[in-house]
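A short write-up of the structure that comes next.
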There are 2 protein chains.
Amino acid sequence: MIPQDLLQSIEENFHPLSSACKEEMLSMAKLHQQKKHSVLVREGQYSHQTFYLISGCARAYYLHDGKEVTDWIAFEGEFISAIVSFFSDRPSPHYIELLEDSILVEFQRDQVEALADRYHEFERLLRKIVTQTMLKQQEKIASIQFHSAEERYKKLLDIRPDITKRVPLTHIASYLGITLETLSRIRRPHR
Amino acid sequence: MIPQDLLQSIEENFHPLSSACKEEMLSMAKLHQQKKHSVLVREGQYSHQTFYLISGCARAYYLHDGKEVTDWIAFEGEFISAIVSFFSDRPSPHYIELLEDSILVEFQRDQVEALADRYHEFERLLRKIVTQTMLKQQEKIASIQFHSAEERYKKLLDIRPDITKRVPLTHIASYLGITLETLSRIRRPHR
DNA sequence: TAATACATTTGATATAAATCAAATTCTATC
DNA sequence: GATAGAATTTGATTTATATCAAATGTATTA
């Protein structure tokens, strides 16, 4: 079964789980296959799901003055969720949209919480995931405040050289906090 | 004893703990009294402590191109730590400095982790604290990217009207990601 | 394969905020 | 209370990036 990938990547990146816990975790996982451009979450919805990408990619975005602002992009092996709604139980400002045909695993928050009630080790896993996310955001803040648009783009390419092949530039620009035009100029062979 | 405040604020803001757990938590808390300008953590150190402010205030900053960048300011009732070192066990890029005479409670990470091993409820508390921090950062990112310097300053004043009386403008400017001069102009009675 | 929508580039101009430099005001202490 | 150092304000200029507008390039589908 495919979600083996999920378990393996979780155990590698975070920490090992007992087989009982893993089994329960798998039993609550719902496997989907979805087409490019599918919208998993819409603004205003309560989203009590989090998604793990087996393959494909997705973005989270919200509307600001009528414009789309992409603030999260996830690829295979990563999670994506409507962060505000999922974690603080409010209507989602975010949309989540697939950028490629994808295979994904869906988890319900209630079930996740119930598992965290029953397994201390799973509670710890969640803490680690959240801690890692927090540290990434910490870096993102520093990067927005003290690096130029060009530096941020280059850094992104270091981490994900294939991103320009998989994600439209508009979304990348937005994710970097710059306009499409500025990104285009940055990409132009120098001078 | 003073750390009652700590327990109360934790239980109010996050969730209740059993008395056994609370007792152990208190037993590992170390109470300090420190003068303004004391430096709690220096760049390059491994900092395995986190600090809770009973009274006073503090900032975390790092050096970027020789300039101080303040990226966290905490007041009484809040935590402050050398976030990178504490959470990912690397040498700290941050300094932590007191901005007023302060009374603070110090926790050692090893002891915190040991308590999290023994008490599932404490593990959950940690998860909640980290989740809340992550959501705050999420907001900060949006605020840097889509609000002007002036809007960010006004919002800060809404949350902490007394901040200009307690924290030098240089640090506030830096915290907002703008220069001291720009902040000064924003503050000038309009036009 | 033509037609149409979508994505990207290019150009001209505007603007918020940075930078550099100096003056002023505040504050701590001898 | 005088004075040195720190903090803040003010002014002139520069700069990175945004904005507006249009042209070009690339997919998708009828």
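Labels below follow one simple rule: chain letters A, B, ... track the order of the sequence lines, proteins then strands, and each chain is numbered from 1. Because the structure is a prediction, the values reported are computed rather than measured.
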Using a 4.0 Å heavy-atom cut-off across all strands, classify B/Leu183 as base, sugar-phosphate, or nothing.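 Result for B/Leu183 = nothing.
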
Please classify the nucleic acid contact of A/Ile178 as base, sugar-phosphate, or nothing, using heavy-atom distances under 4.0 Å.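 Sugar-phosphate: the residue A/Ile178, judged by heavy atoms under 4.0 Å, touches backbone atoms but no base.
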
Looking at [N], I'd like to know if its phosphate oxygens (OP1 or OP2) sit under 4.0 Å from a side-chain N or O belonging to [X].
| X | N | result |
| --- | --- | --- |
| B/Thr182 | C/dA18 | yes |
| A/Thr170 | C/dA7 | no |
| B/Thr179 | C/dA18 | yes |
| B/Ser184 | D/dT9 | yes |

Return the value, rounded to whole Å, for the distance between atom [atom1] of [X] and atom [atom2] of [N].
| X | N | atom1 | atom2 | value |
| --- | --- | --- | --- | --- |
| A/Leu99 | C/dA7 | CG | P | 11 Å |
| A/His37 | C/dA5 | NE2 | P | 16 Å |
| B/Leu176 | C/dA16 | CG | C1' | 15 Å |
| B/Ile144 | C/dA16 | CD1 | C1' | 16 Å |
| B/Leu180 | C/dC20 | CG | P | 15 Å |
| A/His147 | D/dA16 | NE2 | P | 16 Å |
| A/Arg166 | D/dA27 | CZ | C1' | 19 Å |
| A/Asp65 | D/dT19 | CG | P | 10 Å |

Check whether NZ of the Lys or CZ of the Arg B/Arg160 lies under 6.0 Å from the centre of the six-membered ring of B/Phe75 and within 45 degrees of that ring's axis.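 Yes, B/Arg160 and B/Phe75 form such a contact.
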
Count I, L, V, M, F, W, Y as connected when their side-chain heavy atoms are under 4.5 Å apart, and connections chain through other members. Are A/Ile129 and A/Met28 then in the same cluster?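 Yes, A/Ile129 and A/Met28 fall within the same hydrophobic cluster.
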
Start at the 5' end of DNA chain D and walk down; is the nucleotide closest to A/Ala149 or to A/Glu181 reached first?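 The residue closer to the strand's 5' end, by nearest nucleotide, is A/Ala149.
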
Nearest to the A/Arg185 side chain among C/dT19, D/dT19, D/dT8, which nucleotide is it?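 Comparing C/dT19, D/dT19, D/dT8 against the side chain of A/Arg185, the answer is D/dT19.
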
Determine, stepwise, if the pair A/Tyr95 / A/Leu40 fulfils side chain to side chain contact (heavy atoms under 4.5 Å, CB included). CA-CA 7 Å; A/Tyr95 293 79; A/Leu40 305 183; over 6 Å; no

Using heavy atoms to find the nearest nucleotide of DNA chain C for A/Val167 and B/Lys67 separately, return the residue whose nucleotide is more 5′.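 First, find each residue's nearest nucleotide; the 5'-ward one identifies A/Val167.
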
NZ/NE/NH1/NH2 to OD/OE distance under 4.0 Å, A/Glu68 and A/Arg59: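 Salt bridge present between A/Glu68 and A/Arg59.
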
Is it true that B/Glu150 and B/Lys154 have a side-chain N and a carboxylate O under 4.0 angstrom from each other?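 Salt bridge present between B/Glu150 and B/Lys154.
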
